[in-house]
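First comes the structure, then the notes that go with it.
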Amino acid sequence: MSKTPQAIRGTQDIFGPDAEAFAFVVETFERVRKLYRFRRVEMPVFEKTEVFARSIGETTDIVSKEMYSFEDRGGESLTLRPEFTAGIARAYLSNGWQQHAPVKLATHGPLFRYERPQKGRYRQFHQIDAEIIGAGEPQADVELLAMADQIIRELGIDGVTLHLNTLGDGDSREAWRAALVEHFRAVKDELSEDSQERLEKNPLRILDSKDRRDQRFVADAPKIDQFLSDDARAFFDAVTSGLDAAGVKWTRAESLVRGLDYYRHTAFEFIPDEGSEAAGKLGSQSTILGGGRYDGLMESLGGAPTPAVGWAAGIERLAMLVGEKRWPSIDDFPIAVVPIGASAEETAQYISSRLRRGGFSVEMAFRGNVKKRMQKANSANAMIALIFGDSELDQGIVKMKDLESGVETEILLPNIPDDIVGYLVEKVEAKKAASL
RNA sequence: GCGAUCGUAGCUCAGUUGGUUAGAGCGCCGGUUUGUGGUACCGGAGGUCGCGGGUUCGAACCCCGUCGAUCGCCCCA
């Protein structure tokens, strides 16, 4: 193209309805997270590379080929965060947050992964994230999942189900993994090329392969349930019965595994139901929220053994699913202020400012002739316009036009906030009632 | 890293087997009562057809390369 610089591949400039949906996801998250008493935490977007390399696992794709790493001027290797959990764990250890344990943390922001962009996947993407650190009880898992469920529900997203599995404790997981390797190695030549790779690198992943050649052998593969210790089984039972009590719908997904090394016990993903509207909107990216328990992570960063559980969800993916069934709110209908003439424009600033300080959104039309200003009022979605020039101001009034009915009434200047606001609130309430 | 499709006005796209000044809708600006919008009518601005090279008398159209986008595989939110 020309000399104008382009945005970097896999990054996006979000504007308009997409940006509104994005903000709606974040606002909903912030509101619900307070109901569950999760505390807000802010962290750097970059860390020493070892923070991610050691915790996520050297052999995972994220660490081996998807990190944005660079050397700073001191020659130290730094990395833009590819996920939240590792950085939160590091912050927990560096700041001695053990003193707050068990601590419930929530954050959101940008993450970076050097991947091929496609629908619902970007190189800079955004997540909301929730973690409970220092709690080994299954009740922590339940509360965390209940919050996830409520957020999705309050976003108006339907047709999404919680898929739940357990990976057992460390020993259970290792025994299961060994049995899986043995099972698949016997038929290695008949597996897909990808799965032959996975056999060495990440055998659990063969279980959710999309390749038909693999699926034949997945059905009779060893199940985690055969390897669960009594404790691990009791833990999982407590999680599932807790979810039932909390009214969170879930389904068992025996072959659900998570990619990263640090997961133990509970693993879960919220996935659109097959054939649902949500599934169609997401393309081949199916998971909108995923997480699990990571009891081993703190040790990999040199901390004391610390149980923890958490999840993260892609804001862009959630935003794609947000419905338009939001009730009309008073902010959707600004008051249009339409001054005519220079002295009226000054008064318009005064009136606008009073209305805004009173909590009402105001669109002030200050360009072009009256016709242009009225067009502006209309395209701003205003329901009422305040129109006034010298002749009105001399009389100490403004004209209030109902833009739906076209009816104009006169308002005395001193009555401006109250009369207008009362009129507008009434109209919005009527709209709300009509939309129910 | 691999594969497929695609790149024409701000946006969505049309452009017949290569043929002369490249079109439409929407949006934008202006006008149809210079103090009144949503509908309608009129006018206008805006494109070296992603970029570079090649074939040809002639390329938006064919070929090669390159950059970018989209979708899928891997992986993942």
Side-chain angles (χ1 to χ4, degrees), chain A residues 1-12 15-16 25 56 59-66 82-85 108-129 148 192-198 201-202 205-206 208-211 257-260 269-272 282-291 310-321 336 338-341 344 363 365 367-392 399-408:
Chain A
M1 293 247 337
S2 57
K3 312 107 199 165
T4 334
Q6 292 179 314
I8 292 169
R9 172 191 289 248
T11 65
Q12 20 167 17
F15 178 68
V25 171
I56 298 172
T59 61
T60 59
D61 276 20
I62 291 180
V63 172
S64 62
K65 55 186 198 195
E66 294 176 3
E83 60 143 41
F84 277 117
T85 306
H108 66 82
L111 302 167
F112 306 85
R113 256 129 77 169
Y114 195 89
E115 293 184 280
R116 193 70 179 245
Q118 60 185 267
K119 192 173 198 172
R121 169 199 280 177
Y122 309 94
R123 286 186 173 178
Q124 175 177 335
F125 59 107
H126 303 80
Q127 288 185 341
I128 53 178
D129 183 277
S192 67
E193 297 76 18
D194 285 331
S195 285
Q196 294 189 25
E197 283 277 316
R198 285 188 273 236
K201 267 174 53 184
N202 197 351
R205 275 279 158 197
I206 300 177
D208 54 11
S209 167
K210 290 171 188 166
D211 198 301
V257 297
R258 308 239 69 231
L260 311 182
E269 293 180 354
F270 281 79
I271 302 175
L282 280 174
S284 66
Q285 314 305 322
S286 51
T287 303
I288 59 171
L289 183 152
W311 55 249
I315 297 176
E316 289 89 347
R317 292 186 188 177
L318 289 169
M320 282 192 279
L321 304 181
V338 181
I340 302 166
E363 184 80 37
R367 170 176 292 185
N369 56 27
V370 180
K371 182 187 173 94
K372 290 299 164 197
R373 296 179 186 213
M374 289 304 292
Q375 285 176 345
K376 174 79 173 173
N378 196 60
S379 64
N381 204 28
M383 285 200 295
I384 60 176
L386 303 182
I387 307 163
F388 50 92
D390 290 343
S391 56
E392 284 80 9
K399 284 182 179 163
M400 178 175 78
K401 180 164 186 173
D402 184 320
L403 292 175
E404 291 181 319
S405 64
V407 174
E408 277 185 26

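It should be emphasised that the depicted structure is a prediction, and the values quoted were computed from it without experimental measurement. Throughout, protein chains are lettered first and strands after them, A, B, ... in sequence-line order, and every chain is numbered starting at 1. The figures here come from the full heavy-atom set of this structure, side chains too, leaving out hydrogens, waters and symmetry mates.
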Counting only distance, no hydrogens or angles, is the base of [N] paired donor-acceptor with the side chain of [X] under 3.5 Å?
X: S379(A); N: G37(B); value: no
X: K65(A); N: G1(B); value: no
X: R317(A); N: C76(B); value: yes
X: E392(A); N: G35(B); value: yes

Please identify each residue that fulfils salt bridge (charged side-chain N to carboxylate O under 4.0 Å, His left out) with [X], with sequence neighbours left out.
X: K399(A); value: E392(A)
X: K65(A); value: D61(A)
X: D402(A); value: K427(A)

Identify, with sequence neighbours excluded, every residue that meets side chain to side chain contact (heavy atoms under 4.5 Å, CB included) alongside [X].
X: A148(A); result: F270(A), L289(A), W311(A)
X: I340(A); result: V370(A), I387(A)
X: F125(A); result: L111(A), R113(A), Y122(A), Q127(A), E316(A)
X: R9(A); result: R116(A), P117(A), R123(A)

- Item | Comparing G406(A) and G314(A) on RNA chain B - which has the more 5′ nearest nucleotide | G406(A)
- Item | Comparing E66(A) and G368(A) on RNA chain B - which has the more 5′ nearest nucleotide |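 Whichever sits nearer the 5' end wins; that is G368(A).
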- Task: Go along nucleotides 66-73 of chain B 5' to 3' and tag each nucleotide: B for a protein heavy atom under 4.0 Å from its base, S when only backbone or sugar atoms are that close, - otherwise.
- Result: --SS-SBB
- Message: So if I take every side-chain heavy atom of K399(A) and compare against U36(B), G31(B), A77(B), which nucleotide ends up nearest?
- Response: U36(B)
- Message: Less than 4.0 angstrom between a side-chain N/O of R205(A) and OP1 or OP2 of C74(B), yes or no?
- Response: no
Could you tabulate the donor-acceptor pairs under 3.5 Å formed by side-chain atoms of residues 375-385 of chain A, not counting sequence neighbours?
from    : atom 1 : to      : atom 2 : distance (Å)
Q375(A) : OE1    : K372(A) : NZ     : 3.4
S379(A) : OG     : Q375(A) : O      : 3.3
S379(A) : OG     : K376(A) : O      : 3.1
N381(A) : ND2    : D332(A) : O      : 3.2

- Taking only heavy atoms on the protein side, list every residue of residues 370-378 of chain A lying under 4.0 Å from any atom of RNA chain B, sorted numerically.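 Those residues are V370(A), K371(A), K372(A), M374(A), Q375(A), N378(A).
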- Residues in ring pair (Phe, Tyr, Trp, His ring centres under 6.0 Å) with H108(A), at least two apart? none
- Intra- and inter-strand pairs of RNA chain B in dot-bracket (Watson-Crick or G-U wobble, both distances under 3.5 Å; | for another strand): (((((((..((((.....[...)))).(((((.......))))).....(((((..]....))))))))))))....
